[in-house]
Number of protein chains: 2
Amino acid sequence: MNDTDKPTISRREQSKQNRRDAIVQAARASFLENGYAGTSMSALVHTLGGSKQTLWSYFRSKEELFAAVIEEVTSSFRAELSQLLTGSDDLQRSLLDFCRSFLRRLDADDAVAAWRLVAGESGRFPEVGRIFYERAVRLTETTLAQFLARFIASGELREESAPRMAELLLGLCASRQNKRLWGVGTGDEASREADAIAYSGMFLRAFAREKG
Amino acid sequence: MNDTDKPTISRREQSKQNRRDAIVQAARASFLENGYAGTSMSALVHTLGGSKQTLWSYFRSKEELFAAVIEEVTSSFRAELSQLLTGSDDLQRSLLDFCRSFLRRLDADDAVAAWRLVAGESGRFPEVGRIFYERAVRLTETTLAQFLARFIASGELREESAPRMAELLLGLCASRQNKRLWGVGTGDEASREADAIAYSGMFLRAFAREKG
DNA sequence: TCATAGCTGTACCATAGAGTACGAATTTGC
DNA sequence: GCAAATTCGTACTCTATGGTACAGCTATGA
């Protein structure tokens, strides 16, 4: 009796949903590539096919559409990032793996574009930065912090603030992103691997307890 | 006989210079606040007083003016950052001081705005990111690396790549900037001090040699 | 004093943008 | 099959933009 086998949504609402998704996807592509001001609603209508009337019936303004796109971008980020931390007991290995996967995700073109969009527009649209942080970054921080807390408890990490540690490691990972934003430094496998090793290595040296 | 007491530049050229500066300053303010697309040449003329003819006689297009602004922004950054590293022999103290000053500089509203502008526009204007990195960030990296190299030589830091170390420390500092971009986290003295301590502390733990 | 380089103001052009209006065509639920 | 909800296409308004043209004004330099 759940809503998957007996959809309460009618054909109409279904196609409305699809339509909405299509709009958001197209808008997402354009906003990521051209920024807010560089995205034209008229052009969007042309890309999508259909009429302005229709577009405006789904989103009453450009800003509203933009908000929906930001929402979409952060939620897709969130979905992918929540699975980066395995339940492994090997601290060193887990951290390296985490850095690797996280950096790989950040290296993707759309991630770079999203980062640029958020950074560029959060001055004029304060919501954008806040949403991005709250719904994408912060979640990763807390998840990582919980992961680290286990190793503090087990004595493998120093007894210091886990959230702070998480922040520092993520900060390191994000710093690679800056060079990508600036068009410096490539997103190739080799440099990524080197960075993953450097970041997790630095972290462990700073926060791992000496053994024995 | 130097050119300060006997200016070779005529009154005309002097006032041209002033005019140009005024234009760049006004443009800078607008680009930083409104971004590239959000800056209007017509509005700029209005702010400056004078006529379009004049503005276009100094800069033949909006892009050319934008380039001049980026140039100005990076060069003013560079000028300030080159003096952050004292010749002190106390490693720990120097690093903490460096982080403090660097973070203070980054916390300034115009630095945040500049960071946003560069991040936001370097997708559409690849030059912008490259120039910003080459002329502002890279210089800081190499200066810091040279500074660190002295302590590697003296045995206070591990024998590892000084440029890499510099990159990591600056990366940490830059990570604070992200939160500012997103409008999360304030630029107040207290949090800055805490971050400076955390960054330099983490760095030292990771790269300082254990004593005796 | 005078020629002139440079400035001003204003009108103008072509293009583009967001958003509205509306009648006709199409799809949906029943 | 029919009424209602959507969608379509197109034309429209209003505002703004980067950039040009031009006639008159002003400070400069000799």
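These numbers come from the heavy atoms of this one structure, side chains and all, not from hydrogens, waters or symmetry mates. Not measured: the values here are computed from a predicted model. Naming convention: chains lettered A, B, ... in sequence-line order (proteins, then strands); numbering from 1 in each chain.
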Which residue, A/Ser61 or B/Gly49, contacts DNA chain C at a nucleotide closer to its 5' end, judged by nearest heavy atom?
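Nearest-nucleotide comparison on DNA chain C picks B/Gly49.
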Expressed in angstrom and rounded to an integer, what is the separation of [X] atom [atom1] from [N] atom [atom2]?
X       : N      : atom1 : atom2 : value
A/Arg20 : D/dT6  : CZ    : P     : 15 Å
A/Arg60 : C/dT20 : CZ    : P     : 11 Å
A/Phe66 : C/dG17 : CZ    : P     : 17 Å
A/Leu48 : D/dG9  : CG    : C1'   : 15 Å
B/Arg19 : D/dA27 : CZ    : P     : 13 Å
A/Tyr58 : D/dT6  : OH    : P     : 8 Å
A/Gln53 : D/dT6  : CD    : C1'   : 9 Å
A/Trp56 : D/dC8  : CH2   : P     : 14 Å

Distance-only polar pair, side chains of A/Ser191 and A/Arg176, donor-acceptor under 3.5 Å:
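Their side chains do contain a donor-acceptor pair, which is all the 3.5 Å distance test asks for.
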Whether the A/Asp21 and A/Gln25 side chains hold a donor-acceptor pair (N or O, under 3.5 Å, no angle test) is what I'd like checked.
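Side-chain D/A pair, A/Asp21 to A/Gln25: absent.
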Is there a side-chain contact between [X] and the phosphate of [N], meaning an N or O under 4.0 Å from OP1 or OP2?
X       : N      : answer
B/Lys52 : D/dG18 : no
A/Ser42 : C/dG17 : no
A/Ser51 : D/dG9  : no

I want to check a possible cation-pi pair here: B/Arg105 against B/Phe77, using under 6.0 Å from ring centre and within 45° of the ring axis as the test.
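B/Arg105 over B/Phe77 ring: yes.
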Measure the acute angle between the ring planes of A/Phe66 and A/Phe125, then classify it against the limits of 30° and 60° as parallel, tilted or perpendicular.
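Tilted, since the angle between the ring planes falls between 30° and 60°.
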On the 0 to 90° scale, with breaks at 30° and 60°, tag the A/Phe98-A/Phe102 ring pair as parallel, tilted or perpendicular.
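Ring orientation, 0 to 90° scale: parallel.
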Pick the nucleotide of DNA chain D nearest each of B/Ser40 and A/Gly50; which residue has the one closer to the 5' end?
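Checking each residue's closest nucleotide, the 5'-ward one belongs to A/Gly50.
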Tell whether B/Lys62 reaches the base of D/dG18 with its side chain through a donor-acceptor pair below 3.5 angstrom.
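Answer no: no donor N or O sits under 3.5 Å from an acceptor.
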